[in-house]
Amino acid sequence: MLKIPGLIDAHVHLRIPGGIHKEDFRSGTAAALAGGFTMLMAMPNTLPALNMAKIWQDTQSQAEREGLCDVTHFAGVNFDDLNHLRTLGKLAPAVKVYLDETFNQSAVFDHTILDQIVAAWPSYKVISFHAEGEKIASAIALAARYKRPIHICHVSRKEDIERIASAKAAGLPITCEVTPHHLFLTRADADRLGALGDMRPRLAEQRDVDALWAHLGTTIDIIASDHAPHTLQEKNDPVSSPPGVPGLESTLPLMLTAVSQKRLKMQRLLELLYTNPARIYGLAHQPDTFLEIDPCARYTFPEYPLHTKCGWSPFSSMQMVGRLIRVVLRGRTVYVDGLLTDPKE
Ligand code: DOR
Ligand code: ZN
Ligand code: ZN
């Protein structure tokens, strides 16, 4: 039996406000606990977006009332009035900027707007980017020009991780993350999974997956799930299938499996899923909070019914090694052997 800290998922979509048929604070944080996460950082591409102080605060208060674990939210960008970032900068741990189009979200493509975002956001707080391919160069250029911390979400390709490695070697204040789906799945899986294997960035080739693993011990700072729940009905719609896959409950099993296969050391897993996200985003320590793990248990995923409201996983029927047994949050057992022991029930 192994005792480790409660993990941090620094990139999830909990869909509040505007998407509670996909996920809500209750189901999303239940999935978090079942996956060994006691702290979540939720994205602002909601409906409406979390890009004004009032909506950010209301959503944050709701998460504190309804959530079964700690949740904080990224700030979003309000293109009608970038000054909202000044008040949000006092509230949110980081701002999320999209340089590519994705679900519910239009991209920033104007460099003067990027400069204004930088000017309005506190210089010591991170700016996190959804940036793919050449857009990563724009994000790196900002870090170079302004000498301030930026974070690149869900890096998926060999050229991208190598570009980030060079920028880090040059001393730029850049951090980055990868998702388990980009570490464990390729374009061949996307063909097999159909809509259930579609997300942004898309699954890449084996050479890209190999490059991510090669940089896991060095360039990569964070593993985050990019938990992006959509219902099966929405995913299977031939016309409007939205991109994104759930990941809160599969991330720890996958990474423990990698540890059992000696592709990753346990110490490094803890840096990627706890120490680094806490440091990069300046998150508060959770006292008396820990997980108990059986690192040798073998099972077919999912071992217990999923807690995410969307109810599916691209990793279904995978063989996993390593099971979460218990979650203790601030001294209270909140999850044990597949069951939530919910004080808010
Ligand atoms: O696949 C994705 N889904 N990528 C994103 O950047 C957004 C996310 C979502 O919100 O569903
Ligand atoms: Zn994204
Ligand atoms: Zn995302």
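Remember, it's 1-based here, ligands and their atoms both numbered in the order they're listed. The analysis underlying the following values was restricted to heavy atoms, covering all of them including side chains, and did not include hydrogens, waters or symmetry mates. Residues take their numbers from the sequence shown, with the count starting at 1.
Using a 4.0 Å cut-off to heavy atoms of A228, the atoms of ligand 1 that qualify are 3 (N), 8 (C), 9 (C), 11 (O). Atoms of ligand 1 lying under 4.0 Å from any heavy atom of M199, numbered from 1 in the order shown and given with element: 1 (O). Of all the atoms in ligand 1, the ones that sit under 4.0 Å from a non-hydrogen atom of F103 are 9 (C), 10 (O), 11 (O).
Closest N/O/S atom of D226 to the Zn ion (ligand 3): OD1. The N, O or S atom of H130 lying closest to the Zn ion (ligand 2) is ND1. Restricting H154 to its N, O or S atoms, the one at the least distance from the Zn ion (ligand 2) is NE2.
A donor-acceptor pair under 3.5 Å is formed between the side chain of K235 and the backbone N or O of D198. Between the side chain of E23 and the backbone N or O of P229, no donor-acceptor pair lies under 3.5 Å. Under a 3.5 Å cut-off, the side chain of T29 and the backbone N or O of G67 do not form any donor-acceptor pair. In this structure, K125 contributes its side chain and A92 its backbone to a donor-acceptor pair below 3.5 Å. Looking at W56, its side chain does come within 3.5 Å of a backbone N or O of H73 through a donor-acceptor pair.
Residue H130 has at least one nitrogen or oxygen atom sitting less than 3.5 Å from a nitrogen or oxygen atom of ligand 1, judged on distance alone. Where the criterion is an N or O separation shorter than 3.5 Å, residue side chain and backbone included, P243 meets it with respect to ligand 1. Residue G244 places at least one N or O, backbone or side chain, under 3.5 Å from an N or O of ligand 1.
In terms of protein heavy atoms, atom 1 (O) of ligand 1 is closest to R200 N, 2.8 Å. R15 NH2, 3.4 Å is the protein heavy atom nearest to atom 9 (C) of ligand 1. The protein atom (non-hydrogen) at minimum distance from atom 7 (C) of ligand 1 is T102 OG1, 3.2 Å.
Judged purely by distance below 3.5 Å, without hydrogens or angles, the side chains of H151 and T175 pair a donor atom with an acceptor atom.
Looking at H13 against ligand 1, only its side chain comes within 4.0 Å, counting heavy atoms. For Q105, no heavy-atom contact with ligand 1 is shorter than 4.0 Å. Contact annotation for N104 and ligand 1: no heavy atom of the residue comes within less than 4.0 Å of the ligand.
Heavy atoms from other residues, nucleotides or ligands lying under 6.0 Å from CD of Q233 number 12 at most. Residue R145 qualifies as enclosed at atom CZ: its count of foreign heavy atoms under 6.0 Å is above 12.
With a cut-off of 2.8 Å, the Zn ion (ligand 2) has no N, O or S atom of C153 in range. When distances to the Zn ion (ligand 2) are checked against a cut-off of 2.8 Å, H11 contributes no N, O or S atom below that limit. With 2.8 Å as the limit, H13 counts as an N, O or S neighbour of the Zn ion (ligand 3).
Between H181 and M199, some side-chain heavy-atom pair lies under the 4.5 Å cut-off.
The ring-ring contact (aromatic ring centres under 6.0 Å, His included) test with F103 is passed by exactly one of H13, H230, H130: H230.
For Y335 and F37, the gap between ring centers reaches or exceeds 6.0 Å.
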